[in-house]
Trainee: 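Starting off with a structure, shown below.
Values below: all heavy atoms of this structure, side chains included; hydrogens, waters and symmetry mates excluded. Remember, it's 1-based here, ligands and their atoms both numbered in the order they're listed.
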Amino acid sequence: MSDNIQRVTVLSKTTWTPNLFSFTVTRPESFKFTAGQFVRLGVNPSKLKYYQNKSDEVADKALDEDIFRAYSIVSSPFDEVLEFFSIVIEDGAFTSQLQHLQVGDELLLNTMPFGFLTLARYQKPLPKDLWLLATGTGLAPFLSMLQDLQTWEDYEHIVLAYSARSKDELAYIETIERLQEDFGTLVDNPAKLIFVPIVTREKIEGALSERLPQLLLNGKLQQQAGIALDIDSAHVMLCGNPEMVEDTKETLKSMGMVMNRRGEGNIAVENYW
Ligand SMILES: Cc1cc2nc3c(=O)[nH]c(=O)nc-3n(C[C@H](O)[C@H](O)[C@H](O)COP(=O)(O)OP(=O)(O)OC[C@H]3O[C@@H](n4cnc5c(N)ncnc54)[C@H](O)[C@@H]3O)c2cc1C
Ligand SMILES: NC(=O)c1ccc[n+]([C@@H]2O[C@H](COP(=O)([O-])OP(=O)(O)OC[C@H]3O[C@@H](n4cnc5c(N)ncnc54)[C@H](OP(=O)(O)O)[C@@H]3O)[C@@H](O)[C@H]2O)c1
């Protein structure tokens, strides 16, 4: 096993829907990361408890090989445990196995953190507002950033727009509400984090229903947030579905925004596949 790879133990698991779950694992003491970064997680299906409790015939079919995938860290850099938010892809090599995780199972963690979807990439002076636009599990890095007090101190408004197909796939709603309350109180501004839920395949009261690029172009996202979005006032981060990232990036560019390079510019992105 490479020097960077450590064994971690599953401490808890939360199932949101048949296709979405979260879990926490032990955090190796030496492992440091910045909010917004991702790691590579590994699973060896044959070592999962799920298979150990199956008949020999089923258990023998479980692959005895380490499979790794990139995962954004949900928890804050200050937490004692590491949290992750995962999709389940029925025929996906990794998640078709990971979905069977149970408390006490072991995973592999490559302790080299990666990624530039971090607020440190933006040079000062910072604009007033931070816009965090996510689809699906692309919410993960933003939850980590929102648990870092520095994020709350650096911007006047933080808009979190989170798009899912259906209402039940909008995970972490209570966490977001708690962050609004707890960090809002700490910075003496309960209205600082503006949450805009988007549900695209159901009509839900209180949620927008179009895709992010359309919502930017027709102004409904800015209207719902209650603030303007322009080149001088905002940093915009995009994370999740690569088609959303591409379409939204182009839309933002048509509004005059530019990609962040060497610390300057508005837009920073992370594609999940
Ligand atoms: C930088 C980075 C960070 C990532 N962070 C996360 C994360 O925090 N949580 C997470 O669930 N995944 C994340 N992913 C995706 C993850 O690495 C795997 O692709 C995912 O776990 C599926 O693995 P798989 O082997 O089951 O399917 P794969 O063979 O990897 O993917 C099969 C197909 O499933 C779809 N797909 C893959 N991932 C997702 C997803 N997250 N949401 C919706 N559809 C998807 C795509 O259509 C993809 O082509 C991240 C990817 C990258 C590059
Ligand atoms: N979600 C499910 O019910 C479900 C069920 C079984 C399997 N899966 C698997 O999970 C994967 C999808 O997971 P997911 O629902 O989390 O991800 P997703 O398809 O990326 O959808 C998440 C959100 O992103 C939006 N979106 C997609 N493309 C966009 C674009 N170009 N611009 C703006 N917004 C865009 C979606 O809107 P739209 O609704 O308009 O696309 C939805 O609101 C699929 O590969 C599928 O195999 C999902």
Trainee: Quick one: does ligand 2 sit under 4.0 Å from the side chain of E246, the backbone, both or neither, non-hydrogen atoms only?
Mentor: neither
Trainee: Of the listed options (N19, T200, N241), which comes nearest to atom 20 (O) of ligand 2 when hydrogens are ignored and any heavy atom counts?
Mentor: N241
Trainee: Quick check: does R201 get an N/O under 3.5 Å from an N/O on ligand 2?
Mentor: yes
Trainee: Regarding E80 and R27, does a basic nitrogen lie under 4.0 Å from an acidic carboxylate oxygen?
Mentor: no
Trainee: Any idea which protein heavy atom is nearest atom 13 (O) of ligand 2, and the distance to it?
Mentor: I87 CD1, 3.5 Å
Trainee: Could I get the full list of side-chain contact (heavy atoms from CB on, under 4.5 Å) partners for L126, not counting sequence neighbours?
Mentor: Y122, K124, D154, Y155, H235
Trainee: So, taking the atom named OH in Y51 and the one named CG in L63, what distance separates them when rounded to the nearest 0.5 Å?
Mentor: 8.5 Å
Trainee: Would you find a donor on one side and an acceptor on the other, under 3.5 Å apart, between the side chain of Q147 and the backbone of V74?
Mentor: yes
Trainee: I want to know if ligand 2 touches T137 in the polar sense, i.e. an N/O pair below 3.5 angstrom.
Mentor: no
Trainee: With ring-ring contact (aromatic ring centres under 6.0 Å, His included) as the rule and sequence neighbours excluded, what pairs involving residues 204-232 come up?
Mentor: none
Trainee: Is the F183 ring parallel, tilted or perpendicular to the W152 ring (thresholds 30°, 60°)?
Mentor: parallel
Trainee: Going by atom type alone, with no hydrogens or angles, which donor-acceptor pairs under 3.5 Å involve a side-chain atom of residues 196-205 and a protein atom two or more places apart or on another chain?
Mentor:
unit_1	atom_1	unit_2	atom_2	d
T200	OG1	A164	O	3.3
E202	OE1	K167	N	3.1
K203	NZ	S209	OG	3.0

Trainee: Nearest to atom 29 (C) of ligand 2, what protein heavy atom do you find, and at what distance?
Mentor: R211 CZ, 3.5 Å
Trainee: Where on T17 is there a heavy atom closer than 4.0 Å to ligand 2, on the side chain, on the backbone, on both, or on neither?
Mentor: neither
Trainee: Distance check, rounded to the nearest 0.5 Å: D182 atom CG versus L193 atom CG?
Mentor: 11.5 Å
Trainee: Honestly curious: do F21 and V39 fall in one hydrophobic cluster under the side-chain, below-4.5 Å linking rule?
Mentor: yes
Trainee: Give the residue and atom name of whichever protein heavy atom lies nearest to atom 4 (C) of ligand 2, and the separation in Å to one decimal.
Mentor: R165 NH1, 3.6 Å
Trainee: Flag T248 as yes when one of its N or O atoms lies below 3.5 Å from any N or O atom of ligand 2, and as no otherwise.
Mentor: no
Trainee: Give me the residue, atom name and distance of the protein heavy atom closest to atom 47 (O) of ligand 2.
Mentor: I89 CD1, 4.3 Å
Trainee: Return the closest protein heavy atom for atom 1 (N) of ligand 2 as residue, atom name and distance.
Mentor: E169 OE2, 2.8 Å
Trainee: Looking at ligand 2, does any of its N/O atoms fall within less than 3.5 Å of an N/O of A164?
Mentor: yes
Trainee: Name the residues with a heavy atom less than 4.0 Å from ligand 1?
Mentor: F38, R69, A70, Y71, S72, F85, S86, I87, I89, G92, A93, F94, T95, T137, E270, N271, Y272, W273
Trainee: So, does W131 use its side chain to make a donor-acceptor pair with the main chain of M237 at under 3.5 Å?
Mentor: no
